[in-house]
A.B. asks: 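Here it is, the structure in full.
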Protein chains: 2
Amino acid sequence: MARIAGVSVSTVSKALNGNGRMAADTRERIKSLAAEIGFRPNALARGLLSNRSFTVGLLTNDTYGRFTLPVMAGISEALVDHGVSVFLCAIEDDPELGKVHVDAMLDKQVDGIIATGKRVDRSLPVDLAGLPVPVVYAFTEGEAGSVTLTADDRHGARLATEWLQRIGRKRLVHITGPREFASAVERAEAFREVAGSAAPVLHGVWSEAWGHAAVDRLWNEGGGKPDGIFCGNDQIARGVVDALRERGAKVPEDVSVIGFDNWEIMAAQTRPPLTTVDMNLKELGREAGLMVLALAEGRTVEPGLRKLPCKLVIRESCGGGDRRD
Amino acid sequence: MARIAGVSVSTVSKALNGNGRMAADTRERIKSLAAEIGFRPNALARGLLSNRSFTVGLLTNDTYGRFTLPVMAGISEALVDHGVSVFLCAIEDDPELGKVHVDAMLDKQVDGIIATGKRVDRSLPVDLAGLPVPVVYAFTEGEAGSVTLTADDRHGARLATEWLQRIGRKRLVHITGPREFASAVERAEAFREVAGSAAPVLHGVWSEAWGHAAVDRLWNEGGGKPDGIFCGNDQIARGVVDALRERGAKVPEDVSVIGFDNWEIMAAQTRPPLTTVDMNLKELGREAGLMVLALAEGRTVEPGLRKLPCKLVIRESCGGGDRRD
DNA sequence: TTGAAAGCGGTACCAG
DNA sequence: CTGGTACCGCTTTCAA
């Protein structure tokens, strides 16, 4: 304790926290002394008093996923500036485990909880309603009246489709994931709003293989071939590009392809590199972090689902790269 | 507080913690009462006394990576059983940020720190030596005399190469990443120990494009074509498989290909799905978690670099799948 | 302007 | 076997 080094006892507290009034030089002396001996107040003790632990819990059921990771990074980044640390809790899809983790977080007096997942239309296998701390949902479904953040799928789809039109593509199709995914449905709807209600939408699974198969189907069934393909994710896009190349169709000369996710390692390594929609996940995480923080500090946050805009990342699979917006 | 509900004050503590001797029925009564009203002791207060926060910090500079995530999951999984929570700290490659996070963790009285990265031969941009808490390194370099865990690259490479031989491949080559990576070098050495010192090793970058280019080089330069290719990671393997197909060489009939990492989403989606080396990262994380825990509890752990064995995951890119070991 | 004292929510020791 | 009391490290109120 700095008391030994200094001359006083609790004055140190006031000095370091800039509280009560006191001689400026005393304060300075104590401050520099503290810095010198590297004094750091015990956050536990402090938390005991203030009932704030400067800690939030992060619950995720997405262990290997490309969604949660950027979201987590954003959260961590946003909160570290406020002296808040993040508890990482990987709960897989195990309700038991979820409960254990939530209890542990509660014991540790977290100021709030952020729940993240891999689908907006599924909730975590653990009930977070009625907890004594605020909860924010990011990329997973929360109970009615909760604060939820997600990417604006419609916006992303519109961005992609409009871009295809802008660079002169006329015959557009959309190849995407299962109808069971709300995001697949929303993207498809937005696609049709822009491309016309007759524009074909092919639902399948979220895989490269499906992208490949969809192209086969399109090319085999006769009829006008598309010159612009908007894919539901980067993996499908990759399958599409590969299939196109195998059939001798040139990308982007003959056909433009757009992906979704901007999953760097996939999008950038495809030949040619994919133009794709980026969901700003890190930003989403940052917002989520700031929101729990606000809630924890008693500020109020408007409940409901907030959709954050996407952005288009231009690479080479569309051509038209010179015509940036 | 349960005191109001019960009849006593500090007896509750003993009852709940199973400490000092007391009437069994009193204990039971208090316990059931506590369960009933959902009493949970405040971990902060408890930590203040015991000097243990039941918390460890996890430092990582790998935000999007496929290595850290499974490692993290393993850590979290191993520690939750011991009531220990994990602070997630994404520090990118920013020393400032690293210091901020480490200070925050120290303030919060973490019982220990786990550092993870993406390369065994690079250390995090923050100095963890001489900290007042134990540190364990996983998949990143620690200072001399530290406790470090990593995958056994040689073992993995041996596994792959021996498998190629076992299924009858004679002319083996190894296509891998840059010489600057210790793991690339170790794998290459192990490959040559098994395949013979004359077996060709091609160093490049860790990308699909390089895998592709390497095959072009091999097939263009004349001379005997390999019938077994061991790749330094799954991305290279994927490039190799694609290039092979474009040249009309059949995988696995004509050429067997093995990858490294078992990065599911890549390995399983390649056509054909990749046989590949799995580094048991989750297990590695689990071990790391258990080790800091041991250290935190005062048990001693033998310092030095511990290499965990790999395992071969058989899919279809090699053939010989019937001949499991 | 500074210091003494009371607690925050627990645990541990020791006298009843 | 149980309850009182001191104390963990810090903040805050209040008196000196």
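Sequence lines set the chain letters: A, B, ... in the order given, protein chains first and strands last, and positions in each chain run from 1.
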A.B. asks: Measure from the side chain of A:A23, starting at C-beta and using heavy atoms only, and say which of D:dG9, C:dG9, C:dT1 lies closest.
C.D. replies: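 Nearest to the side-chain atoms of A:A23, counting from C-beta on, is C:dT1.
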
A.B. asks: Report the distance from atom CG of B:L49 to atom C1' of C:dC8, rounded to the nearest whole Å.
C.D. replies: 12 Å

A.B. asks: To the nearest Å, how far apart are B:I30 CD1 and D:dC1 C1'?
C.D. replies: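 So the two atoms are 11 Å apart, to the nearest Å.
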
A.B. asks: Taking B:E287 as the fixed residue, which of B:R306, B:K282, B:K307 is the one that meets the salt bridge (charged side-chain N to carboxylate O under 4.0 Å, His left out) rule?
C.D. replies: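 Among B:R306, B:K282, B:K307, the one that satisfies the salt bridge (charged side-chain N to carboxylate O under 4.0 Å, His left out) with B:E287 is B:R306.
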
A.B. asks: Give the rounded distance in Å between these two atoms: CG of A:D107 and C1' of C:dG10.
C.D. replies: 13 Å

A.B. asks: Provide, to the nearest angstrom, the distance between the NZ atom belonging to B:K108 and the P atom belonging to D:dC10.
C.D. replies: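 Rounding to the nearest Å, NZ of B:K108 and P of D:dC10 are 15 Å apart.
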
A.B. asks: Compare the minimum distances between each of C:dT2, C:dC13, D:dG9 and the side chain of B:K14, then state the nucleotide with the smallest one.
C.D. replies: C:dC13

A.B. asks: Identify which one of A:R119, A:K118, A:M72 satisfies the side chain to side chain contact (heavy atoms under 4.5 Å, CB included) criterion when paired with A:D62.
C.D. replies: A:K118

A.B. asks: When you measure from the side chain of A:L48, which nucleotide among C:dG3, D:dC10, C:dG9 comes out closest?
C.D. replies: C:dG9

A.B. asks: Output the rounded distance in Å from CG (A:N51) to C1' (D:dT11).
C.D. replies: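 Taking atom C1' of D:dT11 as the reference, CG of A:N51 is at 13 Å.
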
A.B. asks: Starting at the 5' end of DNA chain D and moving along, which residue's nearest nucleotide shows up first, A:P41 or B:D25?
C.D. replies: B:D25

A.B. asks: Classify A:R27 by what it touches in the nucleic acid, base, sugar-phosphate, or nothing, heavy-atom distance under 4.0 Å.
C.D. replies: nothing

A.B. asks: Out of C:dG9, D:dT2, D:dG9, which nucleotide sits closest to the side chain of B:N42?
C.D. replies: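 Closest of the options to the side chain of B:N42: C:dG9.
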
A.B. asks: In sequence, state the C-alpha distance, the side-chain angles, and the governing distance for A:K108 and B:T55, and then conclude on side-chain hydrogen bond (donor to acceptor under 3.5 Å, both in side chains).
C.D. replies: CA-CA 9 Å; A:K108 300 209 164 92; B:T55 273; 4.6 Å; no

A.B. asks: In whole angstrom, what separates A:L44's CG from C:dG10's P?
C.D. replies: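 Computing the A:L44:CG to C:dG10:P distance gives 13 Å.
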
A.B. asks: Can you tell which of C:dT2, D:dC10, C:dT11 lies closest to the side chain of A:F39?
C.D. replies: D:dC10

A.B. asks: Would you classify B:S50 as touching base, sugar-phosphate or nothing, given that sugar-phosphate means primed atoms plus P, OP1 and OP2, and contacts are heavy atoms under 4.0 Å?
C.D. replies: nothing

A.B. asks: To the nearest Å, give me how far apart CG (B:L16) and P (C:dA12) are.
C.D. replies: 13 Å

A.B. asks: Go through the steps for A:D25 and A:R29 under the test salt bridge (Lys or Arg N to Asp or Glu O under 4.0 Å), then give the verdict.
C.D. replies: CA-CA 6 Å; A:D25 63 328; A:R29 196 163 51 79; over 6 Å; no

A.B. asks: Please determine if a side-chain N or O atom of B:N17 lies less than 4.0 Å away from the OP1 or OP2 oxygen of C:dT11.
C.D. replies: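 Looking at the OP1 and OP2 atoms of C:dT11, one of them is under 4.0 Å from a side-chain N or O of B:N17.
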
A.B. asks: So, does A:T11 get its side chain near the phosphate of C:dT1, meaning an N or O under 4.0 Å from OP1 or OP2?
C.D. replies: no

A.B. asks: Here's a test of your reading of the structure: between B:T26 and A:A43, which maps to the more 5' nucleotide of DNA chain D?
C.D. replies: B:T26

A.B. asks: Would you say B:E143 and B:Y137 make side-chain contact, with heavy atoms under 4.5 Å?
C.D. replies: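 Counting from C-beta outward, B:E143 and B:Y137 do come under 4.5 Å.
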
A.B. asks: Which of the following nucleotides, C:dT11, C:dT2, C:dG10, is nearest to the side chain of A:M22?
C.D. replies: C:dT2

A.B. asks: Quick one: is D:dT11 close enough that its OP1 or OP2 comes under 4.0 Å of any side-chain N or O from A:R46?
C.D. replies: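 A:R46 to D:dT11 OP1/OP2: side-chain N or O found under 4.0 Å.
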
